[in-house]
Peer 1: 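For reference, the structure I am asking about is given below.
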Amino acid sequence: MRIDVFTLFPEWFAWMDGVRHLQNARRQGDLETRFFSYRDHTVLSGGQVDDAPFGGGPGMVLRVDVVARAFEQVYGCDAERVRAERSVVVLTPRGRRFTDAVARELAAGPPLTLLCGRYEGFDERIHTLLASDAVSIGPYVLAGGEIPAMAVIDACARRIPGALGNAASLDAESFGTELGGRTEHPHYTRPADFRGHGVPDVLLSGDHGAVARWREAHLGTAPGAELGPRGGAC
Ligand code: ADE
């Protein structure tokens with residue numbers, strides 16, 4: 001899987017090099033990530049990459065000519081041709097909702113180019129001329145697309161064979177078709193008794209059939225649903 005990120009803050013992504021499953025995926029030779037700064041590709045003075053919106057209004061808008069030049073320098077072809085070879089995904093609250101199904105789709109598709117914006121967002125011609133997709137990680141506005149891009153990279157890269165220590169983790173996990181789009185059942189581990197709070201007896205029974213039935217019955221339950229509402233001051 002090849003993932004390129006265009007951002008004003010490529011250095012923010014440095015920590016991702018240390019994330020275990022990305023390291024695993026990279027070591028298997030199946031993941032290559034590259035991070036590019038728009039500023040390294042602008043010809044405008046002072047490293048300018050954005051401008052005031054036509055028609056007035058607050059904030060600044062990422063310029064289409066800056067993104068186009070960055071594409072042409074990195075990919076060596078007309079900027080409008082890039083999306084013929086790659087999924088060019090704009091991270092924006094206006095995009096389609098990022099779900100596990102979208103992660104699967106992007107992971108299985110052509111190489112990815114993720115575009116992070118700041119400020120008011122992107123000149124609309126970035127969407128219409130350069131991008132092939134737009135994704136939002138949720139109905140809230142972040143200060144930029146970098147954290148959404150990290151979420152996309154994480155969710156896609158963990159699907160690369162060898163990325164996860166235990167490949168079975170990918171089977172029957174939350175939101176997968178195997179679970180009918182539901183979230184996983186609750187998990188418990190030692191200690192069996194924590195300050196008087198036990199675990200469901202069936203999980204300690206050694207009866208695999210009963211355990212499977214309990215897990216099936218508890219798919220899609222909210223965390224702590226067994227315990228009822230919690231709270232209280234520290
Ligand atoms: N940029 C700012 N907020 C965002 C969001 N919720 N999803 C994707 N990109 C964003």
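Keep in mind that this is a model prediction, so the values were computed, not measured. Atoms considered below: every heavy atom in the structure, side chains included; atoms not considered: hydrogens, waters and symmetry mates. All ligand and atom numbering here is 1-based and tracks the order in the structure.
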Peer 1: Evaluate salt bridge (charged side-chain N to carboxylate O under 4.0 Å, His left out) for R86 paired with D4, printing each intermediate quantity in order.
Peer 2: CA-CA 10 Å; R86 313 179 62 92; D4 290 344; 3.2 Å; yes
Peer 1: Could you list the atoms of ligand 1 found under 4.0 angstrom from a heavy atom of V135?
Peer 2: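 Within the 4.0 Å cut-off of V135, ligand 1 contributes 8 (C).
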Peer 1: Considering only the protein, which heavy-atom contact is closest to atom 6 (N) of ligand 1, and what is its distance?
Peer 2: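 For atom 6 (N) of ligand 1, the nearest protein heavy atom comes out as Y140 O, 2.7 Å.
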Peer 1: Please could you name the atoms of ligand 1 that P148 approaches to less than 4.0 Å, counting only its heavy atoms?
Peer 2: 7 (N), 8 (C), 9 (N), 10 (C)
Peer 1: Is G138 close to ligand 1, meaning an N/O of one under 3.5 Å from an N/O of the other?
Peer 2: yes
Peer 1: Any luck finding a side-chain donor-acceptor pair between T33 and R2 under 3.5 Å?
Peer 2: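 Distance-only check fails for T33 and R2.
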Peer 1: Report the nearest protein non-hydrogen atom to atom 4 (C) of ligand 1: residue, atom name, distance rounded to 0.1 Å.
Peer 2: P93 CD, 3.6 Å
Peer 1: Give me the ring orientation class for H41 and F6: parallel if the planes are under 30° apart, tilted from 30 to 60°, perpendicular past 60°.
Peer 2: tilted
Peer 1: Of all the atoms in ligand 1, which lie at a distance below 4.0 Å from a heavy atom belonging to L91?
Peer 2: 8 (C), 9 (N)
Peer 1: Going only through I, L, V, M, F, W and Y residues with side-chain contacts under 4.5 Å, is there a path from I147 to Y140?
Peer 2: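 Shared cluster, yes.
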Peer 1: Can L203 and W214 be said to form a side-chain contact (heavy atoms from CB on, under 4.5 Å), step by step?
Peer 2: CA-CA 8 Å; L203 299 181; W214 182 89; 3.8 Å; yes
Peer 1: Please state whether the rings of F71 and Y75 are parallel, tilted or perpendicular, taking 30° and 60° as the class boundaries.
Peer 2: perpendicular
Peer 1: List the closest protein heavy-atom neighbour of atom 7 (N) of ligand 1: residue, atom name, distance to the nearest 0.1 Å.
Peer 2: I137 N, 3.0 Å
Peer 1: Assess the side chains of R97 and S136: does a donor N or O sit below 3.5 Å from an acceptor N or O?
Peer 2: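 No pair is found: no donor N or O on one side chain lies under 3.5 Å from an acceptor on the other.
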Peer 1: By number and element, which atoms of ligand 1 are closer than 4.0 Å to a non-hydrogen atom of G144?
Peer 2: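 The atoms of ligand 1 under 4.0 Å from a heavy atom of G144 are 1 (N), 2 (C).
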Peer 1: Using a plain distance cutoff, I'd like to know if L142 has any nitrogen or oxygen under 3.5 Å from a nitrogen or oxygen of ligand 1.
Peer 2: yes
